[in-house]
Colleague: 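One structure coming up, written as structure tokens, with questions to follow.
We count ligands from 1, going down the list as the structure has it; atoms in each ligand are counted the same way.
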Amino acid sequence: MSNERKFFVGGNWKMNGDKKAIDGICDFLNKGSLNSNTDVVVAPPYCYLQYSREKLSSKVQVAAQNCYTKKEGAFTGEISPAMIKDIGGTWVITGHSERRHIMGETDEFVAEKTRFAQDCGLGVIPCVGEKLEEREANQTMDVINRQMKALADKISDWSTVVIAYEPVWAIGTGKTATPEQAQEVHAQIREWLKKTVNADVAKATRIIYGGSVKGSNAAELAKKPDIDGFLVGGASLKPEFIEIVNAQG
Ligand code: 13P
């Protein structure tokens, strides 16, 4: 990847873990040697966010996996970006495919929460990506451009945005995109940013890859010029996450 963009590795724990398991994860992260040229961020379930923050060394930042579009109010079951910040979170993932496709979040809703979280002072990790049938129908870039357009309509400051490209067919399936497949999409997202936003934003914005990233495939993916890091699910719960953090070599 380009030296201008700091490598970024996020661990999305999804709906996994209990205090005991989290103690173990925090332990290997705190003891592990983490490349200081990499931003390392983990996203525990909401209810363990503060617990994880308290256990983790300051080398690791903490993210939420989702948020709502309002600061406070009568929104039962929702969590605001201000609350995430209040308990020590500095990032939030928005529009993960599991929220888009299981919870039915629309492009516009994802964009709205992305902008609101930024306005509240959080870094944001909006996720984009195509489903298998969309890739097979050659619609990959149509889908991603549509998701990107909704984001770009709302975002004015790109300096606190890290885009995650997560092909839905590669998530939790063990089927990683090849480095060439991922690079192709990342380059096209960067080109889209250049045309739609501007060349400086395209050059500076980190685009990370997610979908069955493992200790064994991270280094090859990291060699590609437009892959600026990873968003890791399953492997972020295991000590091999350290290998992924350090994949840039
Ligand atoms: P896996 O690494 O388990 O495929 O999950 C990827 C992901 O969805 C990260 O947000």
Colleague: Check this for me: does any side-chain nitrogen of one of D107 and R100 sit under 4.0 Å from a carboxylate oxygen of the other?
Modeller: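 Looking at R100 together with D107, the answer is yes, because their closest N to O distance falls below 4.0 Å.
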
Colleague: Does the ring centre of F241 sit less than 6.0 Å away from the ring centre of W13?
Modeller: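 When the ring centroids of W13 and F241 are compared, they turn out to be at least 6.0 Å apart.
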
Colleague: Is atom NZ of K214 surrounded by more than 12 heavy atoms (other residues, nucleotides or ligands) closer than 6.0 Å?
Modeller: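 Atom NZ in K214 is packed in, count exceeds 12.
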
Colleague: Can you name the residues that come within less than 4.0 Å of ligand 1, going by heavy atoms only?
Modeller: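 Residues N12, K14, H96, E166, A170, I171, G172, G211, S212, L231, V232, G233, G234 each place a heavy atom under 4.0 Å from ligand 1, listed by chain and number.
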
Colleague: For residues 198-232, which residue pairs pass the ring pair (Phe, Tyr, Trp, His ring centres under 6.0 Å) check, not counting sequence neighbours?
Modeller: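 As it turns out, the ring pair (Phe, Tyr, Trp, His ring centres under 6.0 Å) pairs with a partner in residues 198-232, which skip direct neighbours, are F7-F230.
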
Colleague: To which residues is F75 joined in a hydrophobic cluster, defined by side-chain heavy-atom contacts under 4.5 Å among Ile, Leu, Val, Met, Phe, Trp and Tyr, whether direct or through other members?
Modeller: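 Its cluster partners, ordered by chain and number, are Y68, F109.
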
Colleague: Which pairs of donor and acceptor atoms, one on a side chain in residues 114-123, lie under 3.5 Å apart (sequence neighbours left out)?
Modeller:
residue	atom	partner	partner atom	Å
T114	OG1	T94	OG1	2.9
T114	OG1	V110	O	2.6
R115	NE	D119	OD1	3.0
R115	NE	D119	OD2	3.1
R115	NH1	K154	O	2.7
R115	NH1	S156	OG	3.3
Q118	NE2	D157	O	2.6
Q118	NE2	T160	OG1	2.8

